[in-house]
Every structure is written in structure tokens, then in C-alpha cells.
Amino acid sequence: MTDLIKKFLIFLIIFLVLAGLFSIYASPLEQSKESDISTLITLINEEKIESIQISGSRLELKLKDGSVQEIQKESNESLSSLLKNYDVPADKIEKVDISVKSESGLGFWVGTLLPFLIPFLLIAVFIYIMMKQVQGANSKAMMFGQSRAREITNQNLREKITFKDVAGVREAKEELSEVVEFLRNPKKFISLGAKIPKGVLLVGPPGTGKTLLARAVSGEAGVPFFNISGSEFVEMFVGVGASRVRDLFRRAKKSAPCIIFIDELDAVGRQRGAGLGGSNDEREQTLNQILVELDGFDVNTNIIVMASTNRPDVLDAALLRPGRFDRRVILDMPDINDRESILLVHAKNKPLIKDMNLRTIAARTPGFTGADLANLLNEAAILAARRNKTKIELNDVLESIEKVMLGPERKSHILSEKEKKVTAYHEAGHALVAHTLPHADPVHKVSIISRGRAAGYTLKLPLTDKYLHTKAEFVDDLAVLLAGYATEKEIFGDTSTGASNDLKEATRLARKLIMEYGMADKLPPRTFGEKEELIFLGREITEQRDYSEKVAENIDQEIGHFILNAIKTAQTVIKKMRPNLEEIVRLLLEKETLEKEEFEAIFAAKGTPA
Ligand code: ADP
Ligand code: MG
Ligand code: ZN
């Protein structure tokens with residue numbers, strides 16, 4: 001309301017200023033100066049005037065000597081009566097050529113009408129704005145049910161995204177080029193009676209480029225792109241989501257051919273009836289409305305509905321039925337070649353040194369998604385800028401890898417002499433065991449500089465991208481995880497809180513081995529427990545027990561077994577290779593960080609005892 005009053009005051013001020021200005025401008029029009037009239041009379045009496053042109057209250061006098069004068073008279077008195085009043089002889093008047101210019105000129109109308117119109121106009125504008133305000137307040141409430149989809153057309157795309165901007169994901173692009181073809185040239189398909197998929201579901205882990213790829217499809221096809229996130233459908237009030245869906249499809253139909261993209265479909269598309277509480281009714285209604293709309297337009301409409309999810313397993317089966325999101329395009333985690341090409345895409349607008357080896361970076365970043373890699377190069381650019389470089393160098397990027405993976409370095413985190421020693425032994429233990437066990441990933445870096453929450457870290461990276469893991473690898477991984485703990489115990493006869501995170505990880509891994517992968521020694525190869533996700537309270541996972549109390553006990557025992565065995569393995573390695581361990585610790589205390597080469601040099605020098 002204060003807003004309204006403010007507007008009113010502004011208008012009042014504008015009005016007053018205009019009125020003031022106008023009165024200043026208008027006043028000379030109305031008054032004729034006595035002196036002007038008397039000059040006119042004298043001029044006529046002296047027969048100096050050739051002609052007079054009257055336009056309104058303005059008299060334009062052309063004198064015999066060729067000069068021109070302008071004179072104002074009273075607007076409501078005609079010239080003839082004026083002259084009569086001043087007793088100008090008629091014969092003198094006859095000698096002057098008097099003509100009347102009709103006052104249809106714009107100036108005249110503006111001059112006469114404006115004074116009356118301006119207040120009306122101002123009042124009209126004011127009333128209009130007041131009405132708008134009131135309406136706005138009303139329509140804000142009405143807008144609730146409208147979709148908030150942002151439409152991205154080619155005009156408002158700052159730069160068009162095409163398949164070129166999406167690196168890797170070759171199969172996905174191939175699959176989607178069919179969709180592009182259809183959007184470009186639907187007749188070709190329809191005339192052959194081909195049914196084009198209405199719904200395409202992009203499936204992949206977060207950050208693998210699902211959203212990017214959907215936009216690339218619209219960019220390639222040159223059609224508008226309606227982008228809405230699944231979570232935007234879900235509101236407090238029942239029915240809002242459904243009406244948003246309706247509105248979205250209505251808008252899209254108007255601008256067909258086009259793409260509707262529902263990001264994070266799992267926010268609305270989860271299995272119906274899977275949760276508790278009122279908000280799920282809303283979700284179900286929204287989901288139903290999506291299904292209705294999907295069925296409601298026929299193939300010839302030229303709308304393709306794309307959706308993305310990283311949890312296809314929780315989607316309602318009805319969504320995946322033929323005729324709905326029946327096309328599924330999978331986006332995998334990028335492998336080393338993909339990572340290299342993704343880096344290439346993102347390196348385009350960044351000044352890298354000439355001989356930058358993107359392959360090295362790709363090799364160092366297994367498990368990174370496209371989004372991670374984009375972030376990595378950005379971090380590297382920031383780092384290079386902070387170091388006042390004009391180009392990004394390889395070591396800027398390599399240092400950023402650790403930052404992206406483990407959080408920023410905390411050099412100011414000062415460890416006491418004793419803590420430093422414990423941390424050095426702990427990390428050296430991890431590194432030594434990782435280096436020694438045949439199935440563990442090789443060590444890339446060891447450090448006792450704290451990063452994030454860890455006091456030190458040992459960076460291990462697989463040689464190649466791995467899609468399958470064997471039991472032997474898991475067993476070695478467990479030993480590496482627990483090596484820090486084992487070393488502390490071996491050297492100091494005591495353990496510290498520094499190992500707590502390792503223990504947690506190890507326990508989780510051991511549990512997974514037994515319950516999900518069927519890799520236990522003394523239990524049958526089966527899975528234990530049915531995991532079920534309750535949507536109630538977000539991402540709560542409950543586990544349904546499908547085994548007896550007795551088996552539960554065995555599982556606990558087996559987990560303990562795996563852990564104790566792993567510690568034993570680690571201890572054996574440490575005992576056998578104590579000289580190597582001591583050397584690693586010595587170097588760590590001296591340099592704080594050991595790179596792969598320095599680390600491996602220790603083993604070359606000391607040798608590896610059998
Ligand atoms: P998602 O939707 O799968 O979670 P996004 O599409 O939002 O992931 O990707 C986030 C960002 O990561 C993109 O904007 C892009 O910069 C980068 N990115 C991801 N995948 C790729 C890729 N294959 N090629 C190039 N850049 C990628
Ligand atoms: Mg996304
Ligand atoms: Zn550790």
C-alpha cells in the first residue's frame with residue numbers, strides 16, 4: 001500500500017510541475033499588450049503596412065519596407081472591431097491587405113486543447129495505473145497455477161548450444177539426432193507412417209550433461225525449448241502442480257514444434273502410493289496430469305517431451321510405458337577419452353599454455369563428471385589468476401584436481417610435532433600398503449597437509465576406468481583403508497581419532513560386500529535386505545529385513561571378520577617393509593608432500609622385500 005501512496009505522490013508532483021510550466025507558457029497567449037496594439041494603429045495610420053495575416057490572436061504584419069512584425073491581439077476580439085474601436089479611418093484599412101489564415105494548424109489545436117486535456121490525461125493515466133496495481137495483486141494469486149517454465153528460443157539464447165558443445169556421450173547423441181531430424185522435418189517421417197517417440201528420458205548420474213544435451217537438441221533443431229524442473233511442480237497446495245502442467249503444455253502447443261524439458265523428473269514422477277502424507281497427493285495429481293497430457297497430444301503435434309533423471313528406478317512404471325517416456329537415452333560417466341574431449345570443450349575459452357597436455361589431466365580424473373571437469377578448469381583459472389599468470393599451466397590444473405576432490409588445502413592448520421608424526425605414519429601406512437598390495441590402486445600423491453577435514457591424505461587413482469570390481473580388489477581396498485589405523489597401532493601401540501573416517505568407510509565397504517555383492521566367506525552368495533526409499537521426509541532409506549535374526553548375527557560377525565583380516569594384512573605389510581615405511585615418513589616430515597615419482601623412487605632405492 002505504501003507503494004501506492006508513493007506512486008500517487010509522484011504523480012501529484014509531476015502534475016503540479018506540468019501545470020506550473022504550462023501556465024508560464026500559456027499566459028502570454030492570452031494577454032495582448034497595449035503597446036502592440038498602438039503600434040499597429042500607428043502603422044496603419046502611417047500607411048506603412050502592406051498586408052496583415054491573422055491567425056488566431058497572432059497578427060503577422062508585412063511592412064512596405066519588406067520587414068515583418070508580429071503582434072498579439074486579444075483572442076476574443078476581431079481585428080475589424082478592434083480597429084473600429086480605435087477609430088482608424090476606413091480608407092486606411094482598405095489599403096491594407098488583410099487575410100485570415102484558418103487556424104487548423106497543429107499548433108493551434110495543441111495550443112487550445114492542451115490546457116484542457118492535460119489534467120484529464122494525467123487523471124486517466126493515474127487511474128489506469130491504480131487499476132493495474134489492483135489487478136496485479138489479484139492476478140498474482142491467479143498466476144499460481146501457471147507454469148513457470150522458462151522458454152528459451154533461439155533469439156534469447158545468448159549462444160546457441162549444439163551437439164558440438166557436448167563432448168563424449170556418443171551413443172546418446174546418435175540416438176537424439178533422430179529426434180532432431182524429426183523436429184526439423186516431421187513430414188518425412190509421418191508420410192512413411194513412422195511413429196516418433198513423444199517422450200525421451202535422459203538417464204545418467206548428476207553432472208553428466210543431461211540438461212546440456214537437452215538444450216543441445218533444441219539448438220540443433222532450432223526450435224523453442226521449454227525448461228521446467230520437476231521440483232517446481234510440487235507446491236504447497238494440491239492442484240497447483242497439475243494446473244502448471246496443463247498450462248505448460250498449452251503454451252508449448254502454441255509454439256510447436258518445440259521441446260518441453262522436465263528436469264529432474266523423479267521429483268514428481270516417483271512411484272505412486274509409495275509415501276505418506278498430504279504432499280504426495282499433490283505429487284500424484286501432478287504425475288497424473290503429466291500422463292494425461294502425454295497421451296493427449298498426438299504424434300503430429302510436433303512436440304517432444306524430454307525429461308531427465310538420475311534415478312530411473314524410482315520412476316512410476318506408467319511413465320515408462322510405450323507412448324510415454326519410452327525412449328531412454330543413457331549418459332554414462334565419461335571415460336578417459338570422453339574426459340579429454342570434455343576438457344577440450346571447456347578449454348576453448350580459457351588461455352592454456354601451448355603444450356598443455358589435456359590427456360594427462362583426463363588420466364588423473366577418473367570418476368569426474370562433465371560438471372566436475374568444467375569446475376576443475378574454472379578452479380585452475382582462478383588459481384592461475386591468483387598467481388598472476390596470463391596462461392593456465394598444467395600444475396595449476398593438477399593442483400585444482402585435489403581441491404575439487406578433497407576440498408581446499410589448509411596450510412594454516414598447524415599440527416604439533418607429535419600430531420605431525422602420527423599423521424605422517426598414518427598416511428605413509430596407507431601409501432605403503434596401497435603400493436604393495438597387487439589389486440589396490442597405485443598411489444599418486446601422499447601429503448600431510450590438511451585438506452578439508454582430513455589431517456593428511458593419500459591420493460590413489462586407478463590406472464584405467466573401472467566398471468567391474470572383484471572381490472580381491474575390495475579386500476585389498478579394505479586393507480589400504482585400514483592401513484593408517486594399523487600403522488598407528490604398530491608404531492605407537494595406540495590409535496588416534498584420525499582413523500575414524502577410515503573405519504567408517506571400511507565398515508560401509510565391508511557391509512556392502514556382504515549384503516549387496518554376495519562376497520561373504522561364510523554366507524551363501526545372496527543379497528541381504530531389501531532397500532526401499534520412502535519419499536516421506538525426503539530421501540529416507542529404509543531397509544526391509546528379508547533374513548532371520550540369526551543371519552543378522554552372522555552378517556555382523558562376517559563384517560568384523562573382513563575388517564580384522566584387512567588390518568592383519570596391513571600389519572603384515574608394514575612389518576615386512578618397515579624400512580620403506582620409515583623412509584616415507586622421513587621424507588613426508590621433510591617435504592610434507594610426495595608426488596608419485598618421489599614416492600616410487602623410495603621403492604627403487606630400498607627394494608621390495610619378498
Ligand atoms: P546434469 O543435468 O546431468 O546434472 P548438466 O547438463 O547440468 O548435468 O551439466 C552441468 C555442466 O557440466 C554443463 O553445463 C557443462 O558445462 C558440463 N558438462 C557436463 N557434461 C558435459 C559434456 N559431456 N560435455 C561438455 N560439458 C559438459
Ligand atoms: Mg540437470
Ligand atoms: Zn587414513
Side-chain angles (χ1 to χ4, degrees), residues 159 161-173 176 201-217 227-231 261-267 306-311 329-335 337-350 362 368-378 404 406 422-434 446-448 450-460 477-489 495-506 566-567 570:
E159 43 187 57
I161 292 176
T162 62
F163 280 163
K164 272 208 293 297
D165 301 303
V166 190
V169 293
R170 247 201 28 242
E171 292 91 349
K173 281 201 266 187
L176 288 173
L201 187 61
L202 301 173
V203 180
T208 44
K210 298 182 292 295
T211 310
L212 189 70
L213 194 58
R215 285 188 58 183
V217 170
N227 178 11
I228 191 159
S229 175
S231 55
F261 180 57
I262 305 176
D263 214 351
E264 329 266 331
L265 179 67
D266 40 308
M306 297 179 80
S308 81
T309 179
N310 49 8
R311 300 291 317 273
V329 174
I330 314 276
L331 282 86
D332 276 321
M333 294 292 280
D335 64 14
N337 295 323
D338 293 341
R339 287 198 298 274
E340 194 180 351
S341 50
I342 292 172
L343 284 168
L344 204 64
V345 166
H346 287 282
K348 244 177 226 153
N349 50 7
K350 294 199 171 63
F368 272 46
T369 62
D372 291 330
L373 291 170
N375 183 25
L376 168 66
L377 283 187
N378 192 45
V404 170
L406 304 161
V422 173
T423 307
Y425 271 104
H426 181 108
E427 295 306 329
H430 280 306
L432 176 67
V433 174
V446 203
S447 174
I448 55 167
S450 6
R451 252 186 202 285
R453 287 182 49 221
Y457 59 95
T458 303
L459 197 62
K460 312 176 296 290
D477 282 348
L478 268 180
V480 173
L481 266 174
L482 292 163
Y485 173 88
T487 314
E488 284 184 41
K489 209 166 174 196
T495 55
S496 75
T497 52
S500 82
N501 201 41
D502 294 343
L503 293 176
K504 200 161 122 195
E505 279 294 311
I567 293 178

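Along the sequence shown, residues carry numbers from 1. Remember, it's 1-based here, ligands and their atoms both numbered in the order they're listed. Quick caveat, the model's predicted, so the values are computed rather than measured.
Closest to atom 2 (O) of ligand 1 among all protein heavy atoms lies Thr211 OG1, 2.7 Å. Of the protein's non-hydrogen atoms, the one nearest atom 18 (N) of ligand 1 is Gly370 C, 3.6 Å. Looking from atom 12 (O) of ligand 1 to the surrounding protein, the closest heavy atom is Ala371 CA, 3.1 Å.
The main-chain N or O of Glu264 is never found under 3.5 Å from a side-chain atom of Thr309 such that the two would form a donor-acceptor pair. Judged by distance alone, the side chain of Lys489 and the main-chain N or O of Ile567 form no donor-acceptor pair under 3.5 Å. Between the side chain of Glu427 and the main chain of Ser447, no donor-acceptor pair closer than 3.5 Å is present. Side-chain N or O atoms of Asn375 include none that pairs as donor or acceptor with a backbone N or O of Asp372 at under 3.5 Å. Lys350 places no side-chain N or O within donor-acceptor distance of the main-chain N or O of Leu377, the cut-off being under 3.5 Å.
Close approach to Val166 involves these atoms of ligand 1, each under 4.0 Å from a residue heavy atom: 23 (N), 24 (N). Taking every non-hydrogen atom of Pro206 and a distance limit under 4.0 Å, the qualifying atoms of ligand 1 come out as 4 (O). Close contacts of ligand 1 with Ile342, meaning ligand atoms under 4.0 Å from a residue heavy atom, involve 22 (C), 23 (N), 24 (N), 25 (C).
In summary, an N, O or S atom of Thr211 is located under 2.8 Å from the Mg ion (ligand 2).
Residue Asp502 holds its CG atom at 3.5 Å from NE2 of His430, rounded to the nearest 0.5 Å. Taking CG of Leu432 as the reference point, atom OG1 of Thr487 lies at 7.5 Å (rounded to 0.5 Å). In this structure, the separation between NE2 on His346 and CG on Asp165 is 8.5 Å, given to the nearest 0.5 Å. Here the CE atom belonging to Met333 is positioned 9.5 Å from the CZ atom belonging to Phe368, to the nearest 0.5 angstrom. Residue Lys210 holds its NZ atom at 11.0 Å from CD1 of Ile330, rounded to the nearest 0.5 Å. Here the straight-line distance linking atom CD of Glu505 with atom CG of Leu478 works out to 10.5 Å at 0.5 Å rounding.
Any N or O atom pair closer than 3.5 Å counts here, and Ala167 shares at least one such pair with ligand 1. Annotation: Gly209 places an N or O atom under 3.5 Å from an N or O atom of ligand 1; distance criterion only. At under 3.5 Å, a nitrogen or oxygen of Gly207, whether backbone or side chain, sits near a nitrogen or oxygen of ligand 1. Inclusion of His346 in the set of residues having an N or O under 3.5 Å from an N or O of ligand 1 is warranted. Considering both main-chain and side-chain atoms, Leu212 comes within under 3.5 Å of ligand 1 through a nitrogen or oxygen pair.
For the Zn ion (ligand 3), the tally of protein N/O/S atoms lying closer than 2.8 Å stands at 3.
For the side chain to side chain contact (heavy atoms under 4.5 Å, CB included) with Phe261, the lone residue among Leu202, Leu213, Ile228 that qualifies is Leu202.
Residue contact annotation: Asp165 has a non-hydrogen atom under 4.0 Å from ligand 1.
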